[in-house]
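Notes follow the structure.
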Protein chains: 2
Amino acid sequence: MDRIDKRLLNLLQKDASRTNADLADEVGLSPSSCLRRIRRLKSAGIIDRTVAILNPAKAGRGLRAIVTVELERHGEQHMRRFLDLAAQEPAVTQAYGVSGQTDAFLILRLADMDEFDALCDRLLRDQANVARFYTMFVIKTAKEATSIPL
Amino acid sequence: MDRIDKRLLNLLQKDASRTNADLADEVGLSPSSCLRRIRRLKSAGIIDRTVAILNPAKAGRGLRAIVTVELERHGEQHMRRFLDLAAQEPAVTQAYGVSGQTDAFLILRLADMDEFDALCDRLLRDQANVARFYTMFVIKTAKEATSIPL
DNA sequence: TTGATCGTGCAATTTTATTGCACGATCATG
DNA sequence: CATGATCGTGCAATAAAATTGCACGATCAA
């Protein structure tokens, strides 16, 4: 992975819809060389996939919430069982098991408060193993990147 | 936005590298109709952009951390000043101002602990306005979606 | 110096996206 | 009811882009 590969990755992380010829021109390569490099990055798994990113508000999911969860019992299988349940919820976009102040960590994308309430009932209140959970609603989004710095 | 649009959006959120003819076939449309719908979704801003998603481990950023931050002074401009600083850090991939247990909320993608230490010095310890911060390191990633449920 | 390996650029080919055009459905209006 | 307008659609032709084969030049080890 040389400097040109990194530049290509940065460009593709910003906008993957550009044409190969366009990218090649920007990094100073011929189209075929550029294409071969990108294909190599894909087959090596460095580029995992390319996806469309939607505007949350226009897709009807403008409400974001962050939830920290403390479990009653802390065993490996209890943790996994909770995280698996959480991952199945479409509104849960990120679900982590963490070390530190709490056990698990969820990021939610919701249409409205009713959906939040329903999700809480289903995932957090009816779950016998959840000891406590704290919800923080996102007021201001300063940064929300899908890209990884290189 | 009818049922076909939603199906297209779901397909594109999973994989935006598919050919138009392929998508058209899957949703039962002609290539031209399909292309026109997708173009409409883009120009309406529902599709914000299409990006390449990298494999964090293979891109050298396997360490994930979540940081909650309590500020000393809580005014609007203090909050914004802190979030702007945080957003400028490449390792900060998400930065939110939130209501509830804490003031701000960061998600970090790091190469190693040295980078974490340096970031803390720069953003959290040297910042006179940060009262307290709690770090949680991600042990298990159960879900990490870029897609929004429709 | 020589031979091998690797990445590169050019040009031809194949695949894909795009556009013009006419048809059919839906809906408000005469 | 008929009528005309609007909208989305499919087909076929065209334009654009990706992909491939091939030969060149740089780099490095023997």
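Throughout, a chain's letter reflects where its sequence line sits, starting with A, and its residues are numbered from 1. Keep in mind that the numbers below use all heavy atoms, side chains included, and drop hydrogens, waters and symmetry copies.
Contacts between residues 2-25 of chain B and DNA chain D, defined by a heavy-atom separation below 4.0 Å, involve no residue at all.
A/Arg37 comes within contact range of the sugar-phosphate backbone alone, with a heavy-atom separation under 4.0 Å but no base atom that close.
For the helix from C/dT1-D/dA30 to C/dG30-D/dC1, the terminal axes (five pairs an end, C1' atoms, rotation from four pairs onto the next four) enclose an angle of 20°, given to 10 degrees.
Distance check: B/Asp48 CG to A/Asn55 CG gives 6.0 Å after rounding to the nearest 0.5 Å.
Between the base of C/dG7 and the side chain of A/Arg40 there is no donor-acceptor pair shorter than 3.5 Å.
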query = Would B/Glu76 and A/Lys140 satisfy side-chain contact (heavy atoms from CB on, under 4.5 Å), going step by step from the backbone distance to the final call?
reply = CA-CA 11 Å; B/Glu76 157 68 17; A/Lys140 197 189 293 291; 3.5 Å; yes

query = Which is it for A/Asp15 and B/Arg49 under the side-chain contact (heavy atoms from CB on, under 4.5 Å) test, yes or no, and what are the steps along the way?
reply = CA-CA 7 Å; A/Asp15 182 3; B/Arg49 63 196 195 278; 5.8 Å; no

inquiry  = One pair to check against side-chain contact (heavy atoms from CB on, under 4.5 Å): B/Gln94 and A/Gln94. What are the steps and the verdict?
reply    = CA-CA 12 Å; B/Gln94 299 174 54; A/Gln94 299 175 55; 3.1 Å; yes

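Ring-centre distance between B/Phe105 and A/Phe105: below the 6.0 Å cut-off.
Taking atom CD1 of A/Ile38 as the reference point, atom C1' of D/dT19 lies 13 Å away to the nearest angstrom. Rounded to whole Å, the distance from CZ on B/Arg36 to P on C/dT19 is 10 Å.
Under the 30°/60° scheme for interplanar angles, the aromatic rings of A/Phe137 and A/Phe116 are found to stand perpendicular.
Side-chain proximity of A/Leu35 to the nucleotides D/dT19, D/dG10, C/dT18 is greatest for D/dT19.
Between D/dT20 and A/Arg39, a contact under 4.0 Å exists linking OP1 or OP2 to a side-chain N or O. For the OP1/OP2 pair of C/dG7 and a distance below 4.0 Å, the side-chain nitrogens and oxygens of A/Ser33 include no atom meeting the criterion.
Each of A/Arg37, A/Arg40, A/Arg7 was checked for a salt bridge (charged side-chain N to carboxylate O under 4.0 Å, His left out) with A/Asp2, and the lone residue meeting it is A/Arg37.
Nearest heavy-atom pair, A/Ala59 versus A/Leu54, reported as atom, atom and distance to 0.1 Å: CB-CD1, 4.2 Å.
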